[in-house]
Amino acid sequence: MEKALRAYAEVLRLVRLLPKDTRAYYAKYARENFVNYREIDPSEVSHLFQRTYDHSLWVLHKYSIDKSVADKLKGLCCS
């Protein structure tokens, strides 16, 4: 649970780097996904963390933001 909260906080930090008019959408999207998956089979947690990282990279790329800003999230999700 603690790792998920740290990942969520990091995703919200990345959301603040997005254009102002998109932040509310992605913050709500992230919250809904973290809430929806709070009770998940422990065997699927690592896959879900990987999806979190991959989707974050996709959004950053969409808005031409260097993926290196997601290094901390990578450390959380891909270890």
Side-chain angles (χ1 to χ4, degrees):
M1 177 72 159
E2 183 180 325
K3 183 177 178 180
L5 290 175
R6 288 195 329 250
Y8 176 62
E10 188 59 26
V11 167
L12 291 180
R13 186 186 70 78
L14 294 174
V15 166
R16 290 194 302 262
L17 302 175
L18 299 175
K20 192 171 188 168
D21 61 332
T22 64
R23 292 177 194 164
Y25 170 79
Y26 285 106
K28 182 178 179 185
Y29 179 82
R31 183 181 188 287
E32 288 173 353
N33 276 283
F34 275 88
V35 168
N36 287 338
Y37 290 107
R38 68 179 158 210
E39 296 193 21
I40 189 170
D41 182 8
S43 66
E44 296 185 29
V45 170
S46 63
H47 173 70
L48 195 58
F49 280 129
Q50 184 64 48
R51 277 186 30 200
T52 299
Y53 176 68
D54 292 343
H55 187 75
S56 295
L57 288 183
W58 182 86
V59 172
L60 292 171
H61 178 72
K62 178 179 177 180
Y63 293 101
S64 302
I65 299 172
D66 184 40
K67 69 179 184 177
S68 67
V69 298
D71 286 347
K72 188 173 179 182
L73 182 63
K74 182 179 183 179
L76 286 169
C77 293
C78 302
S79 57

query = Are Tyr53 and Tyr63 connected in a single hydrophobic cluster, I mean Ile/Leu/Val/Met/Phe/Trp/Tyr linked by side-chain heavy atoms less than 4.5 Å apart?
reply = yes
request  = Treating Ile, Leu, Val, Met, Phe, Trp and Tyr as nodes and any side-chain heavy-atom pair under 4.5 angstrom as an edge, say whether Leu48 and Val11 lie in one connected cluster.
outcome  = no
key: Which atom of Lys67 lies closest to which atom of Leu57, heavy atoms considered   = CB-CD2, 3.5 Å
request  = Check Leu73 against Ala7 and note the closest heavy-atom contact, atom names and distance.
outcome  = CD1-O, 3.9 Å
ask   = Under a 4.5 Å cut-off applied to non-hydrogen side-chain atoms, are Arg31 and Lys28 in contact?
value = no
task = Would you mind reporting whether Phe49 and Leu76 have side-chain heavy atoms less than 4.5 Å apart?
result = no
message = Could you measure the distance from the NZ atom of Lys3 to the SG atom of Cys77? Nearest 0.5 Å is fine.
response = 7.0 Å
key: salt bridge (Lys or Arg N to Asp or Glu O under 4.0 Å) evaluation trace for Glu2 with Arg6   = CA-CA 6 Å; Glu2 183 180 325; Arg6 288 195 329 250; 3.3 Å; yes
request  = State the NE2-OG1 distance between His47 and Thr52, to the nearest 0.5 angstrom.
outcome  = 9.5 Å
request  = Run the ring-centre check on Trp58 versus His55 and record whether the distance is less than 6.0 Å.
outcome  = yes
query = Tyr29 versus Val15: any side-chain heavy-atom pair under 4.5 Å?
reply = no
note = In terms of heavy-atom contacts, Leu17 and Ile65 come closest through O-CD1, 3.3 Å
note = With sequence neighbours left out, the residues meeting side-chain contact (heavy atoms from CB on, under 4.5 Å) with Asp66 are Ser68
query = With a 4.5 Å heavy-atom cut-off, do Gln50 and Cys78 have their side chains touching?
reply = yes
query = Which atoms form the tightest heavy-atom contact between Ala4 and Phe34, and what is the distance?
reply = O-CE2, 3.5 Å
message = Contact between Arg13 and Tyr8 at the side-chain level, heavy atoms closer than 4.5 Å - yes or no?
response = no
ask   = So, the side chain of Thr22 versus the backbone of Leu18: is there a donor-acceptor pair under 3.5 Å, distance only?
value = no
query = Atom CG of Asp54 and atom NZ of Lys74: how far apart are they, to the nearest 0.5 Å?
reply = 10.5 Å
